[in-house]
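A note on names: the letters A, B, ... follow the listed sequences, proteins ahead of strands, and every chain is numbered from 1. Both backbone and side-chain heavy atoms feed into the values below; hydrogens, waters and symmetry mates do not. Values in this document were obtained by computation on a predicted structure and should not be read as measured data.
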There are 2 protein chains.
Amino acid sequence: MSRRHTEVTDQVTDDCPLRDVLAVIGDKWSAQVLVRLGDGPRRFSELERSIEGVSRRMLTLSLRNLERNGLITRTVHPDAPPRVEYATTPLVEEIRGPLEALADWAARHRATITEARREYDLAH
Amino acid sequence: MSRRHTEVTDQVTDDCPLRDVLAVIGDKWSAQVLVRLGDGPRRFSELERSIEGVSRRMLTLSLRNLERNGLITRTVHPDAPPRVEYATTPLVEEIRGPLEALADWAARHRATITEARREYDLAH
DNA sequence: CAGAATCCGGGCCGATACTG
DNA sequence: CAGTATCGGCCCGGATTCTG
C-alpha cells in the first residue's frame, strides 16, 4: 500500500548498481539539485531561481524523491512566511567528486560531442 | 531535413554540463553499455545477452545514440552471417573512473537507501 | 513562501512481427 | 546475426490553478 505519489522512477529492484544511481539522480533535475546544495543548505525558492528552467512542480518532485532516498533532508522552520530548507546528507559527499568529474568531462568535450553529432546527422 | 529517427533525448542546448552528460548516458541503458564495452569490443548479440533485461529495440536505440555522440564506434565486418562490433572511443576512458565510482557508491549504500525509502514511505 | 492538484501532450520503452 | 517497423501503455514533465 502507500500508493506512490511521486512520478519519478522507483525500483532498486534490478541488480545493476550503476542503473540504481542513475534511476535516482539520472533524471532531469535531481543531479543539479545535489550540486546546488553542495554549497550549503538552500531554500525552495533559492533552488527554484538558481536552477535554470525548472518548474515548481518538477523541483518539488525531485526534492521529494531525493529526500525519500535519504540524499537530502527537508527542515521546516516555524515562521511566517513559511521557510523550508533543504540540505544534503553525508551520503552525498561521496559522490560529489564523481559528479563533478562528469560535469568537467562534459564541459571539456562539449564542442567535440556537438561536432560528432553534426557529422553523424549529415551521414544519416 | 534529417528528421530525428532516434527516440532518445537530444539537446546539448542548455548550458549545464552535468545535465548534458546525463542527457546522453543517464537513460536506462547507455551507461551499462559503456561499462560492458569497457572490457573491449563486443558484438550486438553479446551486449544483448550480457545486459539483463534490455530489449533489442532499446539496445539498438542506445547504441545509435552513443555512436551519434561520438562515444562508441560501430564497425561492420563483411561476413556471412553479419558481424557488427561496437567499441568505445578514447573519449569514454576519462569517465570510466567517475562512472565506476558511482556504481561503487550505489553498491555500498544499497541497504541504507532501501531503508531510507522504507522509512519515508512509512511516514508519508 | 512553499507547495498540492489537475490536465494533457509527447516521448520512453516494451512486445511483437518482419527483413537482408 | 543484427537489425527495422509498428503499435500501444505508461510516465515524464510543462502549464495552469488553487491553498495554508
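What separates CZ of A:R49 from C1' of C:dG3 is a distance of 15 Å, to the nearest Å. Nucleotide D:dG13 holds its C1' atom 10 Å from the CG atom of A:D27, rounded to whole Å. Look at CG on A:L22: it is 12 Å from P on C:dC13, rounded to the nearest Å. We find that CZ of B:R64 is positioned 14 Å from C1' of D:dA5, with the value rounded to whole Å. As rounded to whole Å, 16 Å separates atom P of C:dA5 from atom CE of A:M58. Distance CZ (B:R42) to C1' (D:dC1): 17 Å, rounded to an integer number of Å. In this structure, A:E48 places its CD atom 10 Å from P of C:dG3, rounding to the nearest Å. Nucleotide C:dC13 holds its P atom 11 Å from the CG atom of B:N65, rounded to whole Å.
Phosphate contact (OP1/OP2 of C:dG3, side-chain N/O of A:R74, threshold under 4.0 Å): present. In terms of phosphate contacts, B:T60 brings no side-chain nitrogen or oxygen within less than 4.0 Å of OP1 or OP2 of D:dG3.
Across B:I25 and B:L71, no two heavy atoms sit closer than the pair CG2-CD1, 4.0 Å.
Here B:R56 lies in heavy-atom contact (under 4.0 Å) with a base.
Relative to the side chain of B:F44, the nucleotides C:dA15, D:dC1, D:dG3 differ in distance, and D:dG3 lies closest. If you check D:dG3, D:dG14, C:dG14 against the side chain of B:S55, the one that comes closest is C:dG14. Here the side chain of A:R57 is nearest to one of C:dC13, C:dC1, D:dA15, namely D:dA15.
Every salt bridge (Lys or Arg N to Asp or Glu O under 4.0 Å) that A:R56 has, sequence neighbours left out, goes to A:E48. Remark: B:R118 pairs with B:E115 by the salt bridge (Lys or Arg N to Asp or Glu O under 4.0 Å) rule, at least two apart or across chains. Listed by chain and residue number, B:R57, B:M58 satisfy the side chain to side chain contact (heavy atoms under 4.5 Å, CB included) test with B:S55 (two or more places apart in sequence, or in another chain).
Residue pairs meeting the salt bridge (charged side-chain N to carboxylate O under 4.0 Å, His left out) criterion with at least one partner in residues 75-97 of chain A, sequence neighbours excluded, are A:D79-A:R83, A:E93-A:R96, A:E94-B:R108. Among pairs with a residue in residues 30-87 of chain A, none fulfils ring pair (Phe, Tyr, Trp, His ring centres under 6.0 Å), at least two apart in sequence or across chains.
Residues from residues 78-86 of chain B with heavy atoms under 4.0 angstrom of DNA chain D, sorted by number: B:P81, B:P82, B:R83, B:V84, B:Y86.
Side-chain contact between B:R49 and B:S45 is present, with at least one heavy-atom pair separated by less than 4.5 Å.
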